[in-house]
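Below is one structure, written out as structure tokens; the observations come after it.
Source: prediction; values computed, not measured. Quick note: numbers below take in every heavy atom, side chains included, and nothing from hydrogens, waters or symmetry partners.
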Amino acid sequence: MNGHLEAEEQQDQNSHQELTGSWGHRPRSTLYRAEAMAPPPLPLAASTPLLHGEFGSYPARGPRFALTLTSQALHIQRLRPKPEARPRGGLVLLDEVSGCCTLRSRSPSDSAAYFCIYTYPRGRRGARRRATRTFRADGAATYEENRAEAQRWATALTCLLRGLPLPGNGEITSELLPRPPRLLLLVNPFGGRGLAWQWCKNHVLPMISEAGLSFNFIQTERQNHARELVQGLSLCEWDGIVTVSGDGLLYEVLNGLLDRPDWEEAVKMPVGILPCGSGNALAGAVNHHGGFEPALGLDLLLNCSLLLCRGGSHPLDLLSVTLASGSRCFSFLCVAWGFVSDVDIQSERFRALGRARFTLGTVLGLATLHTYRGRLSYLPATVEPVSPTPAHGLPRAKSELTLVPNPAPPMAHSPLHRSVSDLPLPQPALASPGSPEPLPILSLNGAGPELAGDWGGAGDVPLSPDPLLPSPPDSPKAGLLSPMAEGPPEIPASSGLPPPTPDAQVAVSPWGPSDHLLPPLGTPLPPDWVTMEGDFVLMLAISPSHLGADLVAAPHARFDDGLVHLCWVRSGISRASLLRLFLAMERGSHFSLGCPQLGYAAARAFRLEPLTPRGVLTVDGEQVEYGPLQAQVHPGLGTLLTGPPGCPGREP
């Protein structure tokens, strides 16, 4: 066990600290808000024992263990029947723990209490698999004393998982834990080739229930449904909004929050993403921020769910984009023109293939490679980051283009549709002594509760959940559905989400922050802007690091660096070289290829003026009107649920 402790201490020395919020004690009015984020407590050495004790196992005829809890892991050493000189499987990293609970036996004669943790370790092939470890607290003569010991361990572990400080006097009681945070889950049931609902039911809901988070969920029925929902949502009832889909659903949520009269307060609502779509770019960046190895599909979903269970938020830069018509939308991801947007939109017809649609779309795009003439202008960052490209001189001609924007179309709002899923979740028929109602599901194996499978085998007395804290009367119960408004949905559920149409428009919003760095679209730019004109294969303005779950377009980007990262590829590049760029982007090494057509600049604002009459422009993967546009960064305008930061590559 000493070897494990030394390894952890070295790991802690290599980790970096970063400002982050948590599911911690905060005043209700400012809970999980960006301005309320406080620096985390001073970290303990990873090897410092916080708790140590001897436990039995469940079933009772199993071995006995010595448990040691540190800030990074739970160390398990078998004591009897034969002590292990080198414990096998005796280290449970807290990075792999979703939550814990205390249990009691249904047998009246059993005075022991039980402590169960839920883990998602990686197997030999790298995939995560759910596992539970249940320990028997039986060192005292009475159940009450054993229960106090089990709850002491569960409370300490929960505090560590959620970044809450432990008292220095060793008095660890359940009063340290706040009420469960309330999350609103918005699920696109047609995301990820129709697997989103199945993955949500089988993996997401069980894991956040194990973590003790309180949630309600709504299934979206059509495009812009989520946007309309959050426009009319009573935000004081929620501590976070989490989308279970691809990037498009979060785009709707953020634009809905900024399309409210109280947008200044609404945009502080923490938002999160659990990837069940095709691209999953922001989830890839969250996964990287959490220190996990690159992942796709279900593994990426489990990683992001683990981070969500840990709590923790981070400021999120948003990009306000003004289109030629005068309408404005907000981006958390990217603005694309040329090859990237062509592949994104043209591959929509292959959506049934999942993320493979982008591979097929890339092949077709390379076969019919187009170039586009345009003018790109940008306001350079005051302090340039370390450039990922060799230092090349950039043309610095000033833009003289004057355009008259089209009059803005009249603003129209669709009625708010407040429909919820009618698919109930299974509820256990178990209740702890003193609990006035059935308890939330603490463990779900697949589609339903199988408590015997988790907490006992054939012939063993089953265990019942024994909560650390009762749910407050005003807290939604985990796994329960509560309609946002009484009455049936205003429209019937559709059979699927319609694909975006070529003439899709972004609604005009009078709200949101002012763009103080941007002159009116069509007027000359200030002299401190840089302008270049030519033929381009693609232009990309990206905020976070990832363009897809497995595409690291801006490897040095951060969620709150206050920059938009401009990448472009000029004409003259061969198809083979362009393919090499995208293959290298999987590792974030495309800037080291020395491709002369590839350019990069860090900016605070930019203007793009297509000079080719036809083309495709996208904002966060959503097609917008074609024509001149401009945008500026609003640093830290949003708040993203990211989980605690970690060191990339920390996983064994």
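We find that Arg260 and Glu265 are not joined by a salt bridge, their nearest charged nitrogen and carboxylate oxygen being 4.0 Å or further apart. Between Glu609 and Arg373 there is no salt bridge, since no side-chain nitrogen of the basic residue lies less than 4.0 Å from a carboxylate oxygen of the acidic one. Between Arg587 and Asp550, none of the side-chain N atoms (NZ, or NE/NH1/NH2) sits under 4.0 Å from a carboxylate O, so this pair counts as no salt bridge. A salt bridge between Arg558 and Asp317 is absent, with no side-chain N of the basic residue lying under 4.0 Å from a carboxylate O of the acidic one.
Every residue two or more places apart in sequence or in another chain that forms a ring-ring contact (aromatic ring centres under 6.0 Å, His included) with His546 is listed here: His288. Residues meeting the side chain to side chain donor-acceptor pair (under 3.5 Å) test with Glu252, sequence neighbours left out: none. Checked against side chain to side chain donor-acceptor pair (under 3.5 Å), Ser341 has no partners two or more places apart in sequence or in another chain.
In this structure, the side chain of Asn287 does not engage the main chain of Ala283 through any donor-acceptor pair within 3.5 Å. Arg375 places no side-chain N or O within 3.5 Å of a backbone atom of Arg607 that could act as its donor or acceptor partner. The backbone N or O of Ala281 lies less than 3.5 Å from a partner atom in the side chain of Asp247, making a donor-acceptor pair. Formation of a donor-acceptor pair under 3.5 Å by the Asp259 side chain with backbone atoms of Gln231 is not found in this model. Put simply, the side chain of Asp560 never gets that close to the backbone of Leu316: no donor and acceptor are under 3.5 Å apart.
Using the six-membered ring where Trp is involved, His289 and His314 have ring planes that are perpendicular, over 60° apart on the 30 and 60° scheme. Aromatic ring pairs are classed by plane angle as parallel below 30°, tilted from 30° to 60° and perpendicular above 60°; the pair His565 and His556 is perpendicular.
A heavy-atom distance below 4.5 Å is found between the side chains of Leu323 and Val321. Side-chain contact between Leu213 and Pro180 is absent, with no heavy atoms from C-beta onward closer than 4.5 Å. Between Leu184 and Asp239 the shortest side-chain heavy-atom distance does not fall below 4.5 Å. Arg222 has its side chain within reach of Glu228: a pair of non-hydrogen atoms, C-beta onward, lies under 4.5 Å apart. Residues Val569 and Leu540 have side chains not in contact (no heavy-atom distance under 4.5 Å, counting atoms from C-beta outward). Taking 4.5 Å as the limit, some side-chain heavy atom of Leu274 sits within range of a side-chain heavy atom of Leu301. With contacts defined as side-chain heavy-atom distances shorter than 4.5 Å, the pair Trp568/Met532 qualifies. In this structure the side chain of Cys304 reaches within 4.5 angstrom of the side chain of Pro275, judged on heavy atoms.
The distance from the SG atom of Cys334 to the CE atom of Met539 is 9.5 Å, given to the nearest 0.5 Å. To the nearest 0.5 Å, the span separating CG on Leu629 from CZ on Arg328 amounts to 13.5 Å. Interatomic distance, Leu608 CG to Leu566 CG, rounded to the nearest 0.5 Å: 9.5 Å. For the atom pair CD1 of Ile273 and CG of Leu249, the computed distance is 8.0 Å after rounding to the nearest 0.5 Å. Considering OG of Ser245 and CG of Asn188, their distance stands at 4.0 Å, rounded to 0.5 Å. The line from CD of Gln632 to CG of Leu517 is 4.0 Å long, rounded to the nearest 0.5 Å.
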Next item on the list: Assess whether side-chain contact (heavy atoms from CB on, under 4.5 Å) is satisfied between Val286 and Phe559, documenting all intermediate values.
Entry: CA-CA 9 Å; Val286 169; Phe559 294 124; 4.0 Å; yes
Margin query: Let's go through Arg570 and Asp535 carefully: what are the C-alpha distance in whole Å and the side-chain angles of both, what is the deciding distance for salt bridge (Lys or Arg N to Asp or Glu O under 4.0 Å) to 0.1 Å, and is it a yes or a no?
Written below: CA-CA 6 Å; Arg570 291 183 175 271; Asp535 294 326; over 6 Å; no
Note to self: Show, in sequence, the C-alpha distance, side-chain angles and deciding distance for Leu254 and Phe330, and conclude whether the side-chain contact (heavy atoms from CB on, under 4.5 Å) test is met.
What the structure shows: CA-CA 7 Å; Leu254 283 170; Phe330 291 87; 5.8 Å; no
Margin query: Walk me through whether Phe339 and Phe582 qualify under ring pair (Phe, Tyr, Trp, His ring centres under 6.0 Å).
Written below: CA-CA 11 Å; Phe339 184 80; Phe582 278 92; 5.5 Å; yes
Next item on the list: Please lay out, stage by stage, how Thr612 and Thr371 fare under the test side-chain contact (heavy atoms from CB on, under 4.5 Å).
Entry: CA-CA 9 Å; Thr612 301; Thr371 60; over 6 Å; no
Note to self: Checking Leu186 against Val253 for the side-chain contact (heavy atoms from CB on, under 4.5 Å) test, could you report, in this order, the C-alpha distance in whole Å, the side-chain angles of both residues, the deciding distance, and whether it holds?
What the structure shows: CA-CA 9 Å; Leu186 299 180; Val253 168; 3.7 Å; yes
Note to self: One pair to check against side-chain hydrogen bond (donor to acceptor under 3.5 Å, both in side chains): Glu625 and Ser325. What are the steps and the verdict?
What the structure shows: CA-CA 8 Å; Glu625 60 182 286; Ser325 65; 2.5 Å; yes
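Aromatic ring centres of Phe591 and Tyr600: separated by under 6.0 Å. Here the two rings, on Tyr378 and Trp529, have centers that are 6.0 Å apart or farther.
When every heavy atom of Val187 is checked against every heavy atom of Pro189, the shortest pair comes out as O-CD, 3.2 Å. When all heavy atoms of Glu586 and Val552 are compared, the closest pair comes out as O-CG2, 4.2 Å. Here the closest non-hydrogen pair linking Arg162 and Pro181 is NH1-CD, 4.4 Å. Considering every non-hydrogen atom in both Val619 and Cys329, the closest pair reads CG1-SG, 4.0 Å. Across all their heavy atoms, Pro519 and Pro524 have their closest contact at CG-O, 3.9 Å. Taking all atoms of both residues into account, the shortest heavy-atom contact from Ala324 to Leu521 is CA-CD2, 3.8 Å.
For the pairing with Phe606, the side chain to side chain contact (heavy atoms under 4.5 Å, CB included) check across Val335, Leu518, Val530 returns one residue only, Val335. With Val271 as the partner, the side chain to side chain contact (heavy atoms under 4.5 Å, CB included) test is satisfied by one option alone out of Val242, Leu282, Leu257: Leu257.
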